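The shown structure was predicted, so the numbers you read here are calculated from the model rather than taken from an experiment. Residue numbers start at 1 and run along the sequence shown. Just the heavy atoms: all of them, side chains too, but no hydrogens, waters or symmetry mates, feed the values below.
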Amino acid sequence: VMPRGLHPTTTVLGNVVRGRRGEARLVDLAEEVLISHTTLSRIERGTHAPSLETALALAKWLGWSVEQ
């Protein structure tokens with residue numbers, strides 16, 4: 001059971017991004033990916049589904065296709 005407000009798909013994405021980010025500061029990654037640190041934080045927590053533009057930026061950073 002997912003806690004209220006979390007979405008399974010965005011939680012998976014958030015976990016992958018957080019794991020790949022490692023010890024880097026969230027604000028530094030957000031700047032590198034060209035998204036706001038607030039949006040990135042919400043994605044990592046699984047409380048925000050990314051827009052298409054944000055999904056494309058994260059997919060590029062992760063080396064993923066958008067479908068992934």
Side-chain angles (χ1 to χ4, degrees):
V1 174
M2 295 297 299
R4 186 176 176 184
L6 297 182
H7 307 281
T9 302
T10 55
T11 301
V12 169
L13 176 62
N15 287 338
V16 170
V17 170
R18 188 173 33 259
R20 173 93 182 269
R21 178 169 62 88
E23 297 296 319
R25 293 182 335 145
L26 187 130
V27 69
D28 293 336
L29 173 58
E31 186 175 297
E32 179 181 337
V33 178
L34 302 176
I35 63 175
S36 78
H37 69 280
T38 304
T39 297
L40 183 56
S41 175
R42 290 176 181 159
I43 291 168
E44 284 192 355
R45 291 192 320 260
T47 62
H48 178 80
S51 66
L52 179 58
E53 182 178 307
T54 298
L56 288 170
L58 287 171
K60 182 178 178 181
W61 179 75
L62 289 167
W64 286 5
S65 67
V66 175
E67 292 79 17
Q68 290 176 292

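In the hydrophobic clustering of ILVMFWY residues, with side-chain heavy atoms under 4.5 Å counting as a link, Leu62 and Leu34 come out apart.
Here Asp28 contributes atom CG and His37 contributes atom NE2; the two are 11.5 Å apart, rounded to the nearest 0.5 Å. Distance CG/Leu58 to CD/Glu53: 11.0 Å, rounded to 0.5 Å.
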Audit row: Ile43, Thr54, side chain to side chain contact (heavy atoms under 4.5 Å, CB included) steps and yes/no: CA-CA 10 Å; Ile43 291 168; Thr54 298; 3.7 Å; yes
Ser41/Arg45 under side chain to side chain donor-acceptor pair (under 3.5 Å): CA gap, chis, key distance, verdict: CA-CA 6 Å; Ser41 175; Arg45 291 192 320 260; 2.7 Å; yes
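Sorted by first and then second residue, the salt bridge (Lys or Arg N to Asp or Glu O under 4.0 Å) pairs involving residues 15-24 (not counting sequence neighbours) are Arg21-Glu44.
Considering every non-hydrogen atom in both Ala30 and Leu40, the closest pair reads N-CD2, 3.7 Å. Shown here for Pro50 and Leu13, the closest heavy-atom pair between the two residues is CG-CD2, 3.9 Å.
When the side chain to side chain contact (heavy atoms under 4.5 Å, CB included) test is applied to Glu32, the partners found at least two apart in sequence or on another chain are Leu29, Trp61. Listed by chain and residue number, Leu52, Val66 satisfy the side chain to side chain contact (heavy atoms under 4.5 Å, CB included) test with Leu56 (two or more places apart in sequence, or in another chain).
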